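Report on one structure; see the data block that follows.
Note on naming: letters A, B, ... go to the chains in the order of the sequence lines (proteins, then strands), and numbering restarts at 1 for each one. None of the values given here were measured: they were computed from a predicted structure.
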Amino acid sequence: MTDSAKPTLMVVDGHSLAYRAFFALPVDNFTTKDNQHTNGIYGFLSMLVNLIKAEQPTHLAIAFDTSRHSFRTEEYSEYKATRSESPQEFKGQIPLLQDCLAAMSIPVLTKEGIEADDILATLASQGAEQGFDVLVVSGDRDTIQLVNDDVTLLYPSVQGVSQLKRYDPTTVQERYGVRPEQYPDIAALVGETSDNLPGVPKVGEKTAVKWLTQFGSLDELIARADEIKGVVGGNLRDHIDDVRRNRKLNRLLTDVELPVGPSDLAVAPIDAQAVRDIFARLEFRTLLPRVFEAVGAGEVADDPASVVVVPAPVETSPAELAAWAVAQHGDVSLRIMTQGGSPTRIGAATLTDLRESDWTESAAEALREWIESDAPKVLHDAKPQVKALIRQGIRLRGLAYDTSLAGWLLRPSFPDKTLSDLVERYLGEKLPEADPSQLVPETEGATPSQEAWFALRVADALREDIPESVAAVLVDIELPTLLTLADMEVAGVAVSHEVLSTFSGELAARAEGLAQEAFSVVGREFNLGSPKQLQEVLFEDLQLPKTRKTKTGYSTDAAVLADLQESNPHPFLSLLLQHREATKLRQIIESLDTAIGDDHRVHTTYVQTGSQTGRLSSTDPNLQNIPVRTEESRRIRSAFEVGEGYDALLTADYSQIEMRIMAHLSGDEGLIEAFNSGEDLHRFVGARVFGVEPSEVSPAMRTKVKAMSYGLVYGLSAFGLSKQLRIEQSEAKQLMVEYFARFGAVRDYLRASVMKAKEVGYTETIFGRRRPFPDLASPNRVLRENAERAALNAPIQGSAADIMKIALLHIHDDLRSQQLSSRVLLQIHDELVVEVAPGEWDATEQIVRARMGDAAQLSVPLDVQVGRGRDWNEAAH
DNA sequence: CTACTAACGTA
DNA sequence: CGTACGTTAGTAGG
């Protein structure tokens, strides 16, 4: 063990150890859903964490090679020339590993033209001089020369990276028979195959050690080379130049100029959130607690910067709180605690003053005027609070900032979910949290007004960070959308239990019949819903050919079953598919039915921060994926009915909004003409692509260009298109050529759009919503190409989302300002469902059409289809 | 009980 | 080897 009085400097060769881990760990177990390999990263970090725990270094750095070129290749071009190129799967892991280390606040050192081991040698030498105990961790034998009384080498043993062998001067002497500083002499004589440094033929370790012991030094040996007899003596004399060269090349530099010295490498508190983020991305789960344990996440909390004095709240009555709030001039932050959707307590804060109060009987009346005024209010995750107020008959106005939305707009790919996350990221502080595992918590959680105070400070920090265009999206789109969604969620949509349960009963009976039939075909009963048992039946009992592989076995999804049915028709396959369909519909019905409330309505929750593109998502239940494609499944939609006191449901959807946005963004004259011609889009495009009259476009032709058009928006390849259309890849390729011959500006735009994103690092919608794409710069091809497709899609899907949000909030505001009772209930990305009050149809339809049509000024019109009915299915026609 | 996967519904 | 989501049942681990 090291002397505890002395600081311990640990320096690690990142490249060589990660490389060993890369080969030691099976790649199959270390691949993310994005196909990013992580075995090298995991293995290295795992080893590092163990090392830190065991050695408790006070100072730490990891060195990496920059490339295979160094001053050594300059001197001797054959240096390491026989070493095969390290695989791309490994190289791609290095930048990610360095990101992990950055998050862990561990310095990463590199220098152009210098190998990692030279950096280690320099730091080891400086460290020893400055009174450190030095631990060198490397997989390169040349580092043996660094060992002395102050420097210990940890070298991977044959068992693998997890077992490191400790070399001090004594163990080196035992193992190699020489002192550490003599080891390079041996290596020079013997040569190093892996570095392509040939030594003296027939001379191995034994001979080399014997000579060195005999002559005392390499120089002496070279000077008296003629004293050596026999063949080896001749070999030595013939290869003296090689030996001199080897010795020159294997000497590690101890005078590399580095921006930091050992004392700058003190172990620093980790960035806990950054570590969580990157580990989440790499899908490391078990490693996270190990990292926190080893490097002490506790240090984050102990960081002086995070010790903040939170002002003490003043307990008031609701009326006093309201009076105080009204007297404030700037932003007031607000936090309403709720239970079961009703307010229980309210807290408010400025930067200097905190007030809070229980939500008493009279609270609503006392607070109404201020809450409904334009006075600016800042909240974190306002929607549930706004909803609680709506249920009290209070409509919040003056919503100036929502930190949850702002945080999402800045980093849509890593949603900082909670206020606590944002406090950590933007203030570098800890939000006081009660320990939920304790009945009587040792630590007090933040009170409502204290949470409000933190939110206000987070808002100020976010305002500094947020680009102007993104701030505009927040203020002009997201904040008003939040208030609209709150109304929609509170309203809910009427769903008929009777319609659902009738259908459910039919489906249950059918599913049971299909299951029995399937069992008799197979000859045994099993769980049709278990992919695992299904695989046994398909590939063992029935001996059907194996399909596409999944992580855990072979796929049994609808697409491969359809393929199987074509190549190996079997009655079981169609029974299975029908059974799947019936049970799936039944599940959807079941979840919908249980969501029906006492008011006979279903209240979904829209997650405004739920996507990376700007779309909404819908949960509990998800009303954005109610089946529509088949006639039968549409029966579910017919259960969505107009509510009591209302006349009709109105559905309104944008037709081909994404293609219209493509036309607008690309300025493609052909596509713009297509939308202005009034002709069916796919017919028009088909006519151009296949060189026929629109009337001569066959259904097959229309299907092809339709798939192509939609595919474009997603970054479709010839391979994907051929799979989708079940045509040859060459034909798909030809289709793409013909398509782009007519609509070339579309391709130009898509290319330019991704190029621009690579340059600036993010994409932008028409309205300025941004989405960062760090992976566009990734050396990993899979990651990069995935990012390219997503980057291609983001401005299009995102602009469509912006337009729909603008239309939605305009419709909502118009309906209210014209004092109509009709109300928007649902948003399904490009469709709205409105509940229309008696006598309001014409006014409502007019508002919906106008507001959807003029939500954005594009170079093509925004076409809106409107339908009317007693239920959703009827209204869709 | 939690966390994950395969499968599948929507735009 | 086509984007963006949420939910479910089955399964494996604790």
Notebook entry, point to check: When all nucleic acid strands are considered with a 4.0 Å heavy-atom cut-off, which category describes A:L623: base, sugar-phosphate, or nothing?
Noted result: nothing
Next item on the list: Looking at every strand, decide which applies to A:R771 at a 4.0 Å heavy-atom threshold: base, sugar-phosphate, or nothing.
Entry: sugar-phosphate
Check: What nucleic acid atoms does A:R789 come within less than 4.0 Å of, heavy atoms only: base, sugar-phosphate, or nothing?
Finding: sugar-phosphate
Check: If you check every side-chain atom of A:T552, which of B:dT5, B:dT10, C:dC5 has the closest atom?
Finding: B:dT5
Margin query: Is the shortest side-chain heavy-atom distance between A:T604 and A:N622 below 4.5 Å?
Written below: no
Next item on the list: Tell me what A:A718 touches on the nucleic acid: a base, only sugar-phosphate, or nothing, going by heavy atoms under 4.0 Å.
Entry: nothing
Item checked: Integer-rounded Å distance: C:dG6 C1' and A:L592 CG -> 14 Å
Item checked: Nearest-nucleotide pick for A:N625, side chain only, options being B:dT10, C:dA4, C:dG10 -> B:dT10
Margin query: Looking at A:N622, I'd like to know whether one of its side-chain N or O atoms comes within less than 4.0 Å of OP1 or OP2 on B:dG9.
Written below: no
Checklist line | Interatomic spacing from OG in A:S618 to CD in A:E489 - rounded to 0.5 Å | finding: 8.5 Å
Next item on the list: May I ask you to say what A:E831 touches in the nucleic acid, namely base, sugar-phosphate or nothing, with a heavy-atom cut-off under 4.0 Å?
Entry: nothing
Next item on the list: Examine distances only and state if a side-chain atom of A:R784 and a backbone atom of A:S778 form a donor-acceptor pair shorter than 3.5 Å.
Entry: yes
Check: A:K532 side chain: which of B:dT10, C:dA4, C:dT11 is closest?
Finding: C:dT11
Notebook entry, point to check: To the side chain of A:D620, which of B:dC8, C:dC1, C:dT7 is closest?
Noted result: C:dT7
Next item on the list: Mind calculating the distance between CZ (A:R586) and P (B:dC8) to the nearest angstrom?
Entry: 18 Å
Next item on the list: Decide yes or no on ring pair (Phe, Tyr, Trp, His ring centres under 6.0 Å) for A:F743 and A:Y739, but give the supporting numbers first.
Entry: CA-CA 6 Å; A:F743 302 97; A:Y739 193 105; 5.3 Å; yes
Next item on the list: Report the distance from atom NZ of A:K584 to atom C1' of C:dA9, rounded to the nearest whole Å.
Entry: 10 Å
Next item on the list: Tell me what A:S555 touches on the nucleic acid: a base, only sugar-phosphate, or nothing, going by heavy atoms under 4.0 Å.
Entry: sugar-phosphate
Check: A:T550 side chain N/O closer than 4.0 Å to the phosphate oxygens (OP1, OP2) of B:dA6?
Finding: yes
Margin query: When you measure only distances, ignoring hydrogens and angles, does the side chain of A:R580 come within 3.5 Å of the base of B:dA7 through a donor and an acceptor?
Written below: no
Check: Looking at side-chain heavy atoms only, is the closest gap between A:W408 and A:E478 below 4.5 Å?
Finding: yes
Item checked: Nearest-Å distance for atom pair NE2/P, residues A:H579 and C:dA9 -> 13 Å
Item checked: A:Q797 CD - C:dC5 C1' separation (whole Å) -> 9 Å
Margin query: Rounded to whole Å, how long is the line connecting atom CD of A:Q587 with atom C1' of C:dG6?
Written below: 13 Å
